[in-house]
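Nothing here was measured: the structure is a model prediction, and the numbers come from that model. In this chain, numbering begins with 1 at the start of the sequence shown.
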Amino acid sequence: MTVRTSEALLAAAADQWASLASHPFVVATAEGRLPAEAFGQWLVADHHFVVGFRRFLARLVELAPHEEARDVLAAGLGGLQAELELFRGEAAARHLDLDAEPSLTTLGYTAYLLASPADGWPTALTVLFGAEKAYFDAWSAVRARTDPSSSYWRFVDNWSSAAFGAWVDDVASLVDELPEPVHRAFARVVRFELAFWDDVAGAAV
Ligand code: MP5
């Protein structure tokens, strides 16, 4: 039986992958005890990431080797407008400065995303899959232990909805078309995801 390339990536990173959904930031959010300050740190950092992510995804639309892949990627691009508006509305309500200088971790991860298309489609697609699957799994872990009364529900729902999960599955199917798993890029994304949570959580959780 052949192993799907997306599954081979996840299997090789299994230990660190498990740390995503059990990260103190994720657990504190699930248990409704995330300090507002830590949420604010995350919101500003993740807004910077998503702004870069949209440009990254647009480059991937251009790089895609066939039209079906382009359909999947362009569908993801469509959802980002509402997501960015969610970030901006929440930041305004909380009086957060979205233009604050990002940390080196946030800058590094966003820059890695944007640099990855230079290494070609297999690498860039693997980076996309890693980032999206990481958020789907982490926020699904939050969803399993919370409900719509959470003040962070719209964010929880954004990355744990059935629709988002189906899109991540579509991206996984594109990864499965790659001749071999690009382990190095995937492992790098996992390290960045964990560093990102550590960075925004700080000493707060
Ligand atoms: C995503 C994100 C998911 N927003 N932030 C990090 C640190 N990793 C992954 O990307 P998107 O564009 O919000 O679906």
Side-chain angles (χ1 to χ4, degrees), residues 4-7 9-10 13 16-23 25-30 32 34 39 42-61 64 68-91 106 109-110 113-114 116 124-178 185-186 189-190 192-194 196-197 200:
R4 294 175 58 188
T5 306
S6 58
E7 283 169 3
L9 290 169
L10 288 162
Q16 279 194 309
W17 199 264
S19 312
L20 287 170
S22 61
H23 191 280
F25 185 98
V26 175
V27 174
T29 307
L34 184 76
F39 181 75
W42 168 80
L43 191 78
V44 173
D46 216 49
H47 175 262
H48 180 87
F49 177 92
V50 175
V51 166
F53 182 93
R54 177 156 70 171
R55 293 166 60 196
F56 162 66
L57 195 52
R59 283 195 201 172
L60 274 187
V61 171
E68 290 77 13
R70 213 162 278 126
D71 288 345
V72 170
L73 301 174
L77 213 42
L80 284 179
Q81 191 59 44
E83 184 176 312
L84 282 166
E85 280 162 20
L86 175 62
F87 275 95
R88 290 168 187 161
E90 192 73 24
T106 299
Y109 190 12
T110 310
L113 277 189
L114 286 164
S116 67
L125 176 66
T126 299
V127 168
L128 172 70
F129 174 59
E132 297 294 55
K133 179 72 174 152
Y135 253 40
F136 178 69
D137 284 3
W139 289 97
S140 294
V142 176
R143 188 188 194 100
R145 296 171 64 187
T146 190
D147 60 59
S149 67
S150 160
S151 42
Y152 307 130
W153 178 253
R154 282 181 304 161
F155 292 91
V156 177
D157 190 45
N158 187 60
W159 292 287
S160 66
S161 67
F164 185 67
W167 187 70
V168 176
D169 283 347
D170 288 345
V171 174
S173 297
L174 297 178
V175 171
D176 293 340
E177 293 174 9
L178 299 177
F186 195 78
V189 169
V190 181
F192 267 127
E193 285 288 338
L194 287 170
F196 186 86
W197 286 129
V200 293

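A donor-acceptor pair is defined here as one N or O able to donate and one able to accept, closer than 3.5 Å; no such pair exists between the side chain of Arg55 and the backbone of Leu114. Side chain of Thr146 to backbone of Val142: no donor-acceptor contact under 3.5 angstrom is found.
A distance of 6.5 Å separates OG of Ser116 from CG of Leu60, quoted to the nearest 0.5 Å. The distance from the CG atom of Asp170 to the CD atom of Glu68 is 12.0 Å, given to the nearest 0.5 Å. The CZ atom of Arg143 sits 10.5 Å away from atom CG of Asn158, with the distance rounded to the nearest 0.5 Å. Atom OG of Ser161 is separated from atom CZ of Phe136 by 7.5 Å, given to the nearest 0.5 angstrom. Taking CG of Leu9 as the reference point, atom CG of Asp176 lies at 9.0 Å (rounded to 0.5 Å). How far CD of Glu193 is from CZ of Phe196: 7.5 Å, rounded to the nearest 0.5 Å.
A 4.5 Å side-chain heavy-atom check between Leu174 and Leu128 finds every atom pair outside the cut-off. The side-chain heavy atoms of Glu83 and Leu86, taken from C-beta on, include no pair separated by under 4.5 Å. The side-chain heavy atoms of Tyr135 and Asp46, taken from C-beta on, include a pair separated by under 4.5 Å.
Applying the ring-ring contact (aromatic ring centres under 6.0 Å, His included) rule to Phe39 yields the partners Trp42, Tyr152, Phe155; only residues at least two apart in sequence or on another chain are considered.
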His48/Val44 under side-chain contact (heavy atoms from CB on, under 4.5 Å): CA gap, chis, key distance, verdict: CA-CA 7 Å; His48 180 87; Val44 173; over 6 Å; no

side-chain contact (heavy atoms from CB on, under 4.5 Å) between Phe87 and Val51, intermediate numbers included: CA-CA 11 Å; Phe87 275 95; Val51 166; over 6 Å; no

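Of all the heavy atoms in Trp17 and Gly130, the pair that sits closest is CH2-O, 3.7 Å. Listed here is the closest heavy atom pair of Leu20 and Ala134: CD1-CB, 3.8 Å. The two residues Ala141 and Ala30 come nearest to each other via the heavy atoms O-CB, 4.5 Å. Of all non-hydrogen atoms in Val200 and Ala45, the two that sit nearest each other are CG1-CB, 3.8 Å. Residues Ala13 and Val190 come closest through the heavy atom pair CB-CG2, 4.3 Å. The shortest heavy-atom contact between Ala138 and Val26 is O-CG1, 3.6 Å.
Taking the centre of each ring, Trp139 and Phe25 stay at or above the 6.0 Å mark.
Using bins of under 30°, 30° to 60° and over 60° for the plane-to-plane angle, the ring pair Tyr109/Phe49 lands in the tilted bin. In this structure, Trp167 and Phe164 have tilted ring planes: the angle between them lies in the 30° to 60° band.
If you run side chain to side chain contact (heavy atoms under 4.5 Å, CB included) between Ser6 and each of Val171, Val175, Asp169, only Val175 comes through.
Within 6.0 Å of atom CZ in Arg145, more than 12 heavy atoms from other residues, nucleotides or ligands are found, so the atom counts as buried in its surroundings.
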